[in-house]
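Quick note: numbers below take in every heavy atom, side chains included, and nothing from hydrogens, waters or symmetry partners. Note that the coordinates shown come from a computational prediction; the quantities given were computed from them, not determined experimentally. Residue numbering restarts at 1 for every chain, and letters A, B, ... go by the order of the sequence lines.
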Amino acid sequence: MPQVVLRVAKPFMNIGRFTILMSSAFMSLRELKTYRQNTQIQMVRIGIESIPIVALAAAFSGAVTTVQTAYQLVSPLIPPKIIGAVVVPSLTMELGAVVTGFILSGRVGARIAAELGTMRVTEQIDALEAMGLNSIGYLIVPRVLAGILMVPVLYVAACVIGVLGGVAAAELTGAVSSPEFILGAREHFDIFGPYFGLIKSFVFGFLITAVSCHIGYFTEGGADGVGRSTTRAAVMSCVLILIADLVLAILLL
Amino acid sequence: MKINNELKIGLAVVLAGVVFYLGIRFLRDLPLFGQATVYHTELVNSNGLAVGNAVVVNGVGVGSITEVRLILTGAYITFSVEEDVALTEGTTASAGGFGFVSSVQLNLTLGPPDAPVYEPGSLIPASNQSDVLADLTDRAPAVLGRIDTVLTGSSQAISAARDLLTGPESQMQQTLASIRNSAGAFEAVLLAEQGSMQAVLKDIEQLAITLESFAGDSLGGAATALKEVLVRLSMNLDLLETTTVELNTLLASINSGQGTLGKLVTDDSLYVEAHAASAALRRILENFEENPNQYLRHLKLIDFF
Amino acid sequence: MIRVENVYKSFAGRPVLQDVSLTIHEGSTQAIIGRSGSGKSVLMKHIIGLLQPDQGRVLVNHTDIGKISYGELRKIRRQFGVLFQGGALFDSMDSFENVAFPLRTFTTKTDQEIRQEVQTCLDLVQLSNVGSKSTSALSGGMRKRVALARAIALRPRYIIYDEPTSGLDPETSNTINELIKNLAHHLEITSIVVTHDMHSVLQIADHVAFIHNTRMHWTGTTEELHQSTDTVLRSFVKANEYVIGAQH
Ligand SMILES: Nc1ncnc2c1ncn2[C@@H]1O[C@H](COP(=O)(O)OP(=O)(O)O)[C@@H](O)[C@H]1O
Ligand SMILES: [Mg+2]
């Protein structure tokens with residue numbers, strides 16, 4: 001094949017390979033029993049162990065959103081409780097899921113790619129396969145499943161902690177009292193917000209883990225390749241989160 | 001290790017689920033635990049009500065909207081209300097609030113407290129008010145209340161004046177003397193009083209006309225007109241109030257015996273004039289007090305919108 | 001019996017194997033030799049279906065492994081034990097767990113039985129006290145032996161060694177060679193040894209296949225190798241002879 005054709009075809013080949021990988025993963029779901037323990041371990045690594053950093057990021061996002069909203073409210077005609085009405089939906093609909101997603105891109109995406117990449121270049125994946133194990137089922141299903149199941153959990157944590165961070169910032173800066181903050185949040189509360197965020201977090205959880213698994217699983221070329229995969233997984237996860245964020249907003253709002 | 005992991009994951013998932021559930025209930029201002037009662041209403045125009053918007057009684061949030069459905073004749077709204085809020089018969093629902101600063105909400109105007117309570121799941125009748133009208137219902141009773149108090153106050157002042165004027169001769173002489181002394185002021189007062197009352201009555205008349213003319217017309221326009229009338233009425237009442245205060249001061253000064261006696265004795269006409277004027281005003285006021293509905297009937301119409 | 005029939009394989013347009021054929025008989029020890037990068041590992045991966053040939057086919061016990069479902073292929077793979085070049089130990093597990101892994105995954109043995117089985121395997125590779133050691137704490141030779149213990153844990157019918165002695169000092173190499181020979185003898189395993197270490201070949205193999213320039217250049221028994229007049233083969237053997245000299 002000429003070089004140019006190869007260049008153009010590459011993204012499609014990647015998407016095709018990704019699709020095949022995911023359908024293989026899906027097919028091996030019926031063997032889930034075999035991978036139960038692995039799924040557990042991944043849920044702890046991806047979910048539980050990410051709680052502190054996600055909480056930290058969420059608390060600051062909530063606080064910053066509050067302070068900046070307060071700063072932008074210059075008109076005396078707008079009551080300060082509006083801050084609550086801006087911050088809470090911002091967190092539930094956007095920041096809760098996206099901040100969690102970005103944090104996990106770095107923390108989980110890179111880690112998955114590094115793990116699987118190392119396993120690939122040191123032939124551990126071949127070793128699994130050679131034993132007669134389904135390496136996709138064994139390595140990818142637990143990670144993607146853990147992503148889909150645990151990122152929503154992290155999202156909920158991020159929202160709650162983000163709101164608390166916002167309330168704390170509001171109280172500390174004196175922008176608005178917490179009862180007023182909550183009053184504003186309640187008045188403008190739209191039940192769709194949390195569900196929308198939850199849907200996003202499912203999608204992000206899938207994207208981060210699936211794409212990182214894909215990149216890691218097909219790592220080529222030694223330690224160097226592992227490094228490349230790691231970076232690519234983090235970057236691709238972030239990019240896909242941004243795209244998915246927009247697409248979901250267009251589709252669901 | 002294994003059990004530890006299971007425990008961690010289990011706790012995290014359950015906790016997240018519970019927090020999600022409670023968080024939403026908290027933000028919807030629903031009771032965190034326990035049941036909220038569900039009702040329905042049909043609005044011609046839901047004014048952009050959405051699931052999750054607040055349900056408000058007297059400005060206090062008591063629940064939230066759980067479903068908004070489009071029907072042929074408008075919007076079918078399902079909403080939940082905290083258990084301890086009794087929606088008695090006569091309760092009406094209306095959509096209120098504008099856009100961003102004050103969010104859209106479902107206003108409930110409770111029926112009389114002693115009326116039977118609506119069964120959960122009942123259809124609460126809509127009160128068909130546009131936002132401006134909702135505003136008016138809040139205002140009209142207040143204005144009406146003020147009319148009553150101000151007019152009562154005026155009436156009392158006038159009665160006191162009359163008593164003074166029709167009292168024993170020596171006092172009357174004194175009074176006349178005093179009145180004469182400040183004749184200009186008193187005359188002006190009475191005139192202003194009459195003017196005020198006339199303005200009030202004119203406004204009420206105007207209101208009646210407006211109300212009669214709007215039937216079939218745009219409700220919003222009539223409502224705006226009504227609101228203007230109320231504002232003017234309110235201003236006139238202010239005037240009447242100051243007048244009454246002035247009159248009271250005058251009477252107080254008469255009572256304390258200030259003024260020149262001699263001047264009054266030489267001029268009976270002033271007394272007659274004053275008496276006539278006060279009598280006329282008295283008639284109006286007495287009439288107003290005895291039969292306020294005649295004047296206020298049209299104002300009361302507002303309540304039946 | 002394993003038959004590789006006219007296999008072609010190229011990566012990104014570059015041929016690595018062309019028209020390669022090989023028959024490996026039950027009970028024999030087959031060496032596959034050739035220069036570094038000549039495609040020995042690629043051939044070995046075709047045998048267990050980790051790579052699919054562009055052309056040609058691979059038969060394991062008369063089954064074309066390119067024509068069966070993934071599930072069937074995995075069943076066939078379970079008859080193989082593979083010792084990968086770098087050991088390919090799972091670094092998420094300690095040495096004991098690495099050996100226990102296939103037992104846990106594919107048998108219904110109790111923890112007690114698995115413990116015993118793992119110990120037997122570790123004894124077979126002459127490593128009795130490494131069980132709880134993290135794999136990164138092991139020396140190269142030990143890694144290979146743990147990997148070997150893992151490869152034999154399920155008592156495979158075929159065992160494939162990819163460069164079992166590369167990167168090891170001559171003494172450790174010798175130990176490994178002895179092990180391979182013993183295993184073949186004790187467990188009646190058919191062995192496939194991929195190597196460029198002629199010393200290994202001469203010590204343990206009874207059949208030899210020489211890959212050169214992407215093609216199967218020469219095949220025969222070890223005796224035939226000694227008598228061969230093929231210049232390419234002779235020069236390959238000769239280039240490795242100093243190792244042999246050093247050993248003797
Ligand atoms: N998965 C792969 N993708 C691309 N090229 C590969 C792959 N595997 C092996 N090769 C190439 O095939 C050639 C043979 O490799 P290999 O079989 O590992 O050699 P060796 O004989 O040393 O084991 C090398 O040039 C290697 O770069
Ligand atoms: Mg090799």
Requested in this report: Check step by step if salt bridge (Lys or Arg N to Asp or Glu O under 4.0 Å) holds for A:R36 and B:E6.
Outcome: CA-CA 11 Å; A:R36 210 184 108 216; B:E6 278 170 0; 3.1 Å; yes

Query raised in the report: Which pair of heavy atoms, one from A:A185 and one from B:L27, lies closest together, and at what distance?
Result: CB-CD2, 4.0 Å

Query raised in the report: Which heavy-atom pair separates A:M150 from B:I9 by the least distance, and what is that distance?
Result: SD-CG2, 4.3 Å

Report task. Sort A:L198 into side chain, backbone, both or neither according to what part of it lies under 4.5 angstrom from a heavy atom of chain B. Result -> side chain

Report task. Calculate, to the nearest 0.5 Å, the distance between atoms CD1 and CG belonging to B:I65 and A:D190 respectively. Result -> 11.5 Å

Report task. Give, for atom CD of B:E67 and atom CD1 of A:I191, the distance between the pair rounded to the nearest 0.5 Å. Result -> 12.5 Å

Report summary line: Residues B:A16 and A:V153: closest non-hydrogen pair is CB-CG1, 3.7 Å

Requested in this report: Say whether, by atom type as modelled, one donor and one acceptor occur between the side chain of A:R186 and the main chain of B:F26 under 3.5 angstrom.
Outcome: yes

Query raised in the report: Hey, which of A:I182, A:V163, A:V160 has the most heavy atom pairs under 4.5 Å with chain B?
Result: A:I182

Report task. Measure the CD-NZ distance between A:E49 and B:K8 for me, rounded to the nearest 0.5 Å. Result -> 6.5 Å

Query raised in the report: Has A:F60 got more than 12 heavy atoms of other residues, nucleotides or ligands less than 6.0 Å from its CZ?
Result: no

**Report entry** Sub-6.0 Å ring centroid separation between A:Y195 and B:F20
**Finding:** yes

Report summary line: d(B:N5 CG, A:T39 OG1) to nearest 0.5 Å is 11.5 Å

